[in-house]
Amino acid sequence: MTGAREKFGAFIRREREGMEIGLREMAKMIGVSPTYLSKVERDEFPPPAEDKVRAIAKIIGCDTDDLLARAGRVSTDITDIIKRHPVELAALLRTTKNLTAEDIERLARDAQKAKGK
């Protein structure tokens, strides 16, 4: 994530309003109070738990991993994978540090092909 990236709350508020979903309606859809969601959107409260972030991503049509990253989190399935192979995956991730997004996508495609063999 870069410093210029829009904060979690501002991002979901902009997306929600762009879809013409009311605050109360969105709060009900994700199972929180409108007051709580309002404070999250104003960045007065930290982003909600992973299950709520996932629900928000689905509603606004955003990539779940991207929204979790905006919330300062990593998906639990990813952390579980890392915990199974911490040394190898740490080394792999560190090698991607200066790669472009396209390079990383190519690596992911190559890994998918290798997985299918």
Side-chain angles (χ1 to χ4, degrees):
M1 279 190 336
T2 64
R5 197 166 212 193
E6 189 174 21
K7 288 187 175 184
F8 178 84
F11 176 78
I12 63 168
R13 182 178 189 173
R14 181 175 52 78
E15 293 297 311
R16 175 184 61 75
E17 289 175 345
M19 296 181 74
E20 298 182 358
I21 300 171
L23 179 74
R24 290 183 186 281
E25 181 183 0
M26 174 80 110
K28 185 176 182 179
M29 293 168 81
I30 63 171
V32 299
S33 76
T35 302
Y36 171 77
L37 181 58
S38 176
K39 289 183 183 223
V40 168
E41 286 187 347
R42 290 178 292 169
D43 293 303
E44 292 176 14
F45 279 3
E50 182 176 343
D51 64 321
K52 305 297 184 198
V53 174
R54 287 181 175 281
I56 293 167
K58 186 174 182 180
I59 293 164
I60 64 174
C62 176
D63 180 82
T64 302
D65 290 317
D66 181 59
L67 195 58
L68 283 166
R70 288 176 185 273
R73 296 195 175 94
V74 175
S75 179
T76 53
D77 70 316
I78 300 297
T79 57
D80 290 344
I81 293 166
I82 293 169
K83 288 175 186 175
R84 286 196 305 265
H85 303 285
V87 174
E88 299 84 359
L89 288 170
L92 174 64
L93 291 172
R94 286 186 180 107
T95 63
T96 67
K97 182 178 180 182
N98 294 317
L99 296 180
T100 65
E102 293 79 21
D103 291 336
I104 295 168
E105 287 174 9
R106 187 172 34 261
L107 280 174
R109 283 192 306 272
D110 291 347
Q112 281 289 1
K113 288 178 189 174
K115 182 181 171 184
K117 288 183 179 178

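Model, not experiment: these values are computed from the prediction. Below, each value reflects all heavy atoms present in this structure, side chains not excepted, and no hydrogens, waters or symmetry copies. For reference, positions follow the sequence shown, starting with 1.
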Between Arg24 (side chain) and Pro34 (backbone), is there a donor-acceptor pair under 3.5 Å?
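Such a contact is absent between Arg24 side chain and Pro34 backbone.
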Without swapping roles, check the side chain of Arg42 against the backbone of Ser38 for a donor-acceptor pair under 3.5 Å.
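Side chain of Arg42 to backbone of Ser38, a donor-acceptor pair under 3.5 Å: yes, one is there.
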Under 4.0 Å between a Lys/Arg side-chain N and an Asp/Glu carboxylate O for Glu102 and Arg106?
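No, this pair does not count.
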Indicate yes or no: does Arg73 engage Glu50 in a salt bridge with an N to O separation below 4.0 Å.
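No, no charged N to carboxylate O under 4.0 Å.
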Rounded distance [0.5 Å steps], [atom1] in [X] versus [atom2] in [Y]:
| X | Y | atom1 | atom2 | answer |
| --- | --- | --- | --- | --- |
| Glu20 | Glu25 | CD | CD | 10.5 Å |
| Leu89 | Ile82 | CG | CD1 | 6.5 Å |
| Glu17 | Ile12 | CD | CD1 | 10.5 Å |
| Asp43 | Lys7 | CG | NZ | 5.0 Å |
| Glu6 | Arg13 | CD | CZ | 11.5 Å |
| Phe11 | Leu67 | CZ | CG | 6.5 Å |

Please say yes or no: joined through hydrophobic side-chain contacts below 4.5 Å, possibly via intermediate residues, are Leu92 and Ile78 part of one cluster?
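Both belong to a single hydrophobic cluster.
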Are Val40 and Met19 co-members of a hydrophobic cluster defined by side-chain heavy atoms under 4.5 Å apart?
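Result: yes, single cluster for both.
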Within-4.5 Å side-chain heavy-atom neighbours: [X] and [Y]:
| X | Y | answer |
| --- | --- | --- |
| Arg16 | Ile56 | no |
| Ser75 | Arg54 | yes |
| Phe45 | Leu37 | no |
| Arg109 | Gln112 | no |
| Pro48 | Ile30 | no |

Arg84 vs Ile81, test: side chain to side chain contact (heavy atoms under 4.5 Å, CB included). Steps then yes/no.
CA-CA 5 Å; Arg84 286 196 305 265; Ile81 293 166; 3.5 Å; yes
Verdict with supporting geometry, Leu99 and Leu107, side chain to side chain contact (heavy atoms under 4.5 Å, CB included):
CA-CA 10 Å; Leu99 296 180; Leu107 280 174; 3.7 Å; yes
If you take all heavy atoms of Tyr36 and Pro47, which pair is closest and at what distance?
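Closest approach of Tyr36 to Pro47: OH-C, 4.2 Å.
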Does Glu88 have more than 12 heavy atoms from other residues, nucleotides or ligands lying within 6.0 Å of its CD?
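Enclosed.
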